[in-house]
Protein chains: 2
Amino acid sequence: MTIKQVSEIYNISQDTLRYYEKVGMIPTVNRNKSGIRDYTKQDLDWVQTAICMRNAGLPVDVLVEYLKLYQQGDETFKQRLELLKNQYDKLLKQREQINQTLEKLDYKISRYEIAVKTGKLSWD
Amino acid sequence: MTIKQVSEIYNISQDTLRYYEKVGMIPTVNRNKSGIRDYTKQDLDWVQTAICMRNAGLPVDVLVEYLKLYQQGDETFKQRLELLKNQYDKLLKQREQINQTLEKLDYKISRYEIAVKTGKLSWD
DNA sequence: TCTTGACTTGGAGTGCACTCTAACTATTAA
DNA sequence: TTAATAGTTAGAGTGCACTCCAAGTCAAGA
């Protein structure tokens, strides 16, 4: 599968796909005889996971570290587990921040709904 | 209240507080006769809100726009409402991304918990 | 054969959100 | 009186994650 197809499937730029590979966030993709990337099913799994993790805000260097450990083989299960738990905890905290902000916004929004109707913003 | 105190209360650098003010994310803080910031209760409310919003990932320029509308008075209720709703929707989507990633991580973590015990990573 | 278009690379450039620096001023303690 | 401390400003620098660019290669079609 070509980089163009992958970029269309996941709605991500070809530049970003090449960048992810260059920095080591996903494994090196095999090239055909003329040097062009040919993504396999496994490559797509890595791409998908990388995009998912990045969308949630995991830092690139952490994902690079994860791939490095992965490529070092079975000796690194424990380190990989620690890394994943760590990121899990950080995401829980981030979600909590978002929830707090959603609450605040919800409150403000309800006040503005009234303000738009009445022309007055209450208690402020 | 001095910038040092504010920075300690909210655990944010003085530089960042000055930056938020400079770019217009919070209103200008009054200075005493020797030009030193003296944060009022209202200033603190703005600071707290700014930090909350930034922690959830709202962009600086959006918060600047909000303050600008706020300072334009009652004519901008509708625009402020739109802005807030917009950010609310974006945060909902971001939370959804985080939830997806948490699920993925949870799955991986449980596999690695077993892998660490057995020395083998299953089905992969 | 020539051109078009899709790909390749290394490396430079961009946008965001701080973060740091230098030069300066005012207040306080020794 | 002097020195240390805590603040001020404008503006430069940093780190992250892309994003763009230039120069080149290759395969297919006119």
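Labels below follow one simple rule: chain letters A, B, ... track the order of the sequence lines, proteins then strands, and each chain is numbered from 1.
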**Prompt:** Do you know which two heavy atoms are closest between B:Pro59 and B:Gln87, and how far apart they sit?
**Reply:** CD-OE1, 3.8 Å
**Message:** More than 12 heavy atoms of other residues, nucleotides or ligands under 6.0 Å from CD of B:Glu96: yes or no?
**Reply:** yes
**Request:** Please lay out, stage by stage, how A:Tyr70 and A:Trp46 fare under the test ring pair (Phe, Tyr, Trp, His ring centres under 6.0 Å).
**Result:** CA-CA 12 Å; A:Tyr70 180 90; A:Trp46 277 99; 4.9 Å; yes
**Partner set under side chain to side chain donor-acceptor pair (under 3.5 Å) for A:Arg18, not counting sequence neighbours** = none
**Prompt:** Earliest and latest nucleotide of DNA chain C, 5' to 3', sitting under 4.0 Å from a non-hydrogen atom of chain B?
**Reply:** C:dA17 to C:dT27
**Message:** Tell me whether A:Gln71 at atom CD has more than 12 heavy atoms from other residues, nucleotides or ligands lying less than 6.0 Å away.
**Reply:** yes
**Message:** So, using side chain to side chain donor-acceptor pair (under 3.5 Å) as the criterion, who are the partners of A:Lys41 when residues are at least two apart?
**Reply:** A:Asp45
**Item:** A:Arg37 side chain reached by A:Met1 side chain, heavy atoms, under 4.5 Å
**Value:** no
**Request:** Please determine, by modelled atom types, if A:Ser34 and A:Asn32 share a side-chain donor-acceptor pair under 3.5 angstrom.
**Result:** yes
**Prompt:** Taking NZ, NE, NH1 and NH2 as the nitrogens, is one of them in A:Glu82 or A:Lys78 under 4.0 Å from a carboxylate oxygen of the other?
**Reply:** no
**Fill in**
On a heavy-atom basis, the closest approach of A:Met25 and A:Leu67 is C-CD2, 3.7 Å
**Asked** Which parts of residues 7-21 of chain A get close to DNA chain D, meaning a heavy atom less than 4.0 angstrom away?
**Response** A:Asp15, A:Thr16, A:Tyr19, A:Tyr20
**Asked** Between B:Ala50 and B:Leu63, what is the shortest heavy-atom contact and its length?
**Response** O-CD1, 4.3 Å
**Item:** A:Glu113 and B:Lys85: CA distance, side-chain angles, deciding distance, side-chain contact (heavy atoms from CB on, under 4.5 Å) verdict
**Value:** CA-CA 10 Å; A:Glu113 305 255 9; B:Lys85 277 184 176 171; 3.5 Å; yes
**Asked** How sharply is the helix from C:dT1-D:dA30 to C:dA30-D:dT1 bent, taking the axes over five pairs at either end and rounding to 10 degrees?
**Response** 20°
**Asked** NA contact type, B:Lys4, heavy-atom cut-off 4.0 Å: base, sugar-phosphate, or nothing?
**Response** sugar-phosphate
**Item:** Residues within residues 30-57 of chain B bordering DNA chain D, heavy-atom distance below 4.0 Å
**Value:** B:Arg31, B:Gly35, B:Ile36, B:Arg37
